[in-house]
Amino acid sequence: MAVILPQAVPVIDASTLIDWYVRAQRDLPWRRPGVSAWQILVSEFMLQQTPVARVEPIWLAWIARWPTPSATADAGAADVLRAWGKLGYPRRAKRLHECATVIATEHGDVVPDDVDTLLSLPGIGTYTARAVACFAYGKRVPVVDTNVRRVVARAVHGLPDAGSPSTRDLADVEALLPDDETAPQFSVALMELGATVCTARSPRCGVCPLEHCGWRARGFPAGTAPAKRVQKYAGTDRQVRGRLLDVLRGKDSPVTRAELDVAWTVDTAQRDRALDSLLVDGLVEQTADGRFALCGEAD
DNA sequence: CATGCGTGGTA
DNA sequence: TTACCAAGCAT
């Protein structure tokens, strides 16, 4: 029995949430004053599917070394992949490098401030485009990540967890967004609430600042959703790719096929497939004499 | 729209 | 220990 009511009053009160955020926010380096739009963009790339604690040290070193898009673009792709280290999903590093190049060459070294232009850049999708427009430029646009979707699912819809991402998510958050210049702080607060209180595993409802929560009002019904299959890692092509790339990150000159082969001996067909996919992705390249290196090693 | 893509911390 | 999870994107 879905209850359809016009939402004259947002379920989540903006000033209540913002007051909580001012008090409870984590001191994250990319939120500090003086951080540029590019540096915020870099943090968003790194935070795509990677926990804050692992991003922090890499981000600090990264922006000290390459503070602007052009500085990043001028770096070699191989060094960028090395600096990315073991953050995971190294295609993000390649796309960040490409993104820096486009911004440096086509946008005068200035990060675009509108969602549509941001969306056209490599590695930037619906979340990151909005996060940059909002957090770097103060634009009043809904910012919807997995944390926000979970908080909205619970507080607004009374569900235990978010469903599949849909275009509906944007409208939900748009309806909650304050009309004034506090919108960006509302968005970062909503994300922070999902990241630190309204968490996926064991939400800390005892310290939640929200006055109304649909999920709580309904007595915290359990999820009936047949949870999405959890991703395997051990023994997958992803693990093999990681091993191969780890070998190459540790070398500053091309390595022989034999040196790569020892990184994965369990299944040689799988190893060959992984190496081929790295070549296809442009993360690894083959030299004229048949050896292998991180892409752009010679540049 | 489902799937592939890294890595390491925590329960 | 296994299983789950962490500010998504591209195809």
Side-chain angles (χ1 to χ4, degrees), chain A residues 21 25-26 28-31 39-59 81 84-96 98-99 118-136 142-152 161-169 173 184 187-196 198-203 223 225-249 263-264 270 273-274 276-278 280-284:
Chain A
Y21 177 73
Q25 66 180 282
R26 292 166 295 176
L28 303 179
W30 44 86
R31 290 179 181 167
Q39 293 162 355
I40 290 173
L41 186 156
V42 171
S43 77
E44 296 299 347
F45 264 76
M46 292 181 173
L47 288 163
Q48 291 167 3
Q49 297 283 279
T50 302
V52 164
R54 290 175 51 205
V55 165
E56 224 178 299
I58 303 289
W59 182 85
L81 283 170
W84 192 261
K86 307 194 83 169
L87 276 187
Y89 293 140
R91 293 193 296 196
R92 290 182 294 164
K94 181 180 171 60
R95 289 177 186 141
L96 179 56
E98 294 167 352
C99 183
L118 285 162
L119 275 173
S120 73
L121 298 172
I124 295 191
T126 57
Y127 163 74
T128 304
R130 292 167 175 282
V132 170
C134 179
F135 302 140
V143 180
V144 180
D145 75 337
T146 185
N147 290 309
V148 169
R149 295 198 312 109
R150 184 173 55 250
V151 173
V152 169
D161 286 294
S164 304
S166 75
T167 52
R168 172 72 187 284
D169 301 331
V173 176
S187 283
V188 72
L190 206 52
M191 287 177 59
E192 187 79 347
L193 186 70
T196 64
C198 193
T199 56
R201 192 111 51 143
S202 40
K228 55 184 182 297
R229 267 202 329 285
V230 51
Q231 56 174 357
K232 298 294 185 200
Y233 180 60
T236 62
D237 287 8
R238 290 220 302 288
Q239 186 182 26
V240 184
R241 284 165 55 103
R243 290 287 179 84
L244 296 175
L245 221 45
D246 201 37
V247 170
L248 295 174
R249 275 195 300 262
W264 192 266
Q270 184 183 34
R273 187 169 64 241
D276 187 59
S277 75
L278 288 170
V280 169
D281 283 353
L283 295 171
V284 172

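- Rounded to a whole Å, the CG atom of A:Leu278 is 11 Å from the C1' atom of B:dG6.
- Contacts of A:Arg149 with the nucleic acid, taken as non-hydrogen atoms under 4.0 Å apart, are absent.
- Rounded to a whole Å, the CG atom of A:Leu119 is 11 Å from the C1' atom of C:dC9.
- Taking atom P on both B:dG8 and C:dC9, the two are 23 Å apart, rounded to the nearest angstrom.
- Here A:Tyr89 pairs with nothing under the side chain to side chain donor-acceptor pair (under 3.5 Å) rule; sequence neighbours left out.
- Residue-level contact check: A:Pro165 touches neither bases nor backbone, having no heavy atom under 4.0 Å from any strand.
- Between A:Leu47 and A:Leu121, the residue anchored closer to the 5' end of DNA chain C is A:Leu47, taking for each the nucleotide with the nearest heavy atom.
- The line from CG of A:Leu190 to CZ of A:Arg150 is 10.5 Å long, rounded to the nearest 0.5 Å.
- Computed from coordinates, the A:Leu245 CG to B:dC5 P distance equals 13 Å when rounded to whole Å.
- Taking every side-chain heavy atom of A:Arg91 into account, B:dC5 is the closest of B:dG6, B:dC5, C:dA7.
- For the P atoms, the distance linking B:dT3 with C:dA7 amounts to 22 Å, nearest Å.
- Proximity of residues 123-133 of chain A to DNA chain C (heavy atom under 4.0 angstrom from any strand atom) is restricted to A:Gly123, A:Ile124, A:Gly125, A:Thr126, A:Tyr127, A:Thr128.
- Of the possible donor and acceptor atoms, one in the side chain of A:Arg31 sits under 3.5 Å from a partner among the backbone N and O of A:Arg26.
- An OP1 or OP2 oxygen of B:dC5 is reached within less than 4.0 angstrom by no side-chain nitrogen or oxygen of A:Arg273.
- When distances are taken from the side chain of A:Arg150 to each of C:dG8, C:dA6, C:dA10, the shortest belongs to C:dA6.
- You'll find the side chain of A:Tyr127 reaches within 4.5 Å of the side chain of A:Val143, heavy atoms only.
- For A:Asp281, the salt bridge (charged side-chain N to carboxylate O under 4.0 Å, His left out) partners at least two apart in sequence or on another chain are A:Arg91, A:Arg241.
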Set out, line by line, the N/O atom pairs under 3.5 Å between protein and nucleotides 8-11 of chain B.
none

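- The interatomic distance linking A:Leu87 (CG) with C:dA6 (P) rounds to 17 Å, in whole Å.
- Between A:Ile124 and A:Cys99, some side-chain heavy-atom pair lies under the 4.5 Å cut-off.
- Taking the nucleotide of DNA chain B with the nearest heavy atom to each of A:Ser164 and A:Gln239, the more 5' of the two is matched to A:Ser164.
- Set against B:dG6, C:dG8, C:dA7, the side chain of A:Val52 has C:dA7 as its closest nucleotide.
- Not one N or O on the side chain of A:Arg249 forms a donor-acceptor pair closer than 3.5 Å with the backbone of A:Leu81.
- Nearest nucleotide to the side chain of A:Tyr89, out of C:dA7, C:dC9, B:dG6: B:dG6.
- In this model, a side-chain donor or acceptor of A:Thr50 finds a partner on the base of B:dG6 within 3.5 Å.
- Counting non-hydrogen atoms under 4.0 angstrom, A:Leu28 reaches a base of the nucleic acid.
- Shown here are the side chain to side chain contact (heavy atoms under 4.5 Å, CB included) partners of A:Glu98, two or more places apart in sequence or in another chain: A:Lys94, A:Arg95, A:Pro122.
- Atom CD1 of A:Ile58 sits about 5.0 Å away from atom CG of A:Leu87, to the nearest 0.5 Å.
- Rounded to whole Å, the distance from CG on A:Leu41 to P on C:dC9 is 11 Å.
- Using a 4.0 Å heavy-atom distance criterion, A:Thr146 is classed as a sugar-phosphate-only contact.
- No side-chain heavy atom of A:Val144 sits under 4.5 Å from any side-chain heavy atom of A:Arg130.
- Residue contacts shown for A:Trp84 are absent, as no nucleic acid heavy atom lies under 4.0 Å away.
- Under the salt bridge (charged side-chain N to carboxylate O under 4.0 Å, His left out) criterion, A:Arg54 pairs with no residue, sequence neighbours left out.
- At the phosphate of C:dG8, neither OP1 nor OP2 sits under 4.0 Å from any side-chain N or O atom of A:Gln48.
- The distance from atom CZ of A:Arg238 to atom C1' of C:dG8 is 13 Å, rounded to the nearest whole Å.
- Nucleotide C:dT11 holds its P atom 10 Å from the CG atom of A:Asp281, rounded to whole Å.
- Rounded to a whole Å, the CD atom of A:Gln49 is 13 Å from the C1' atom of C:dA10.
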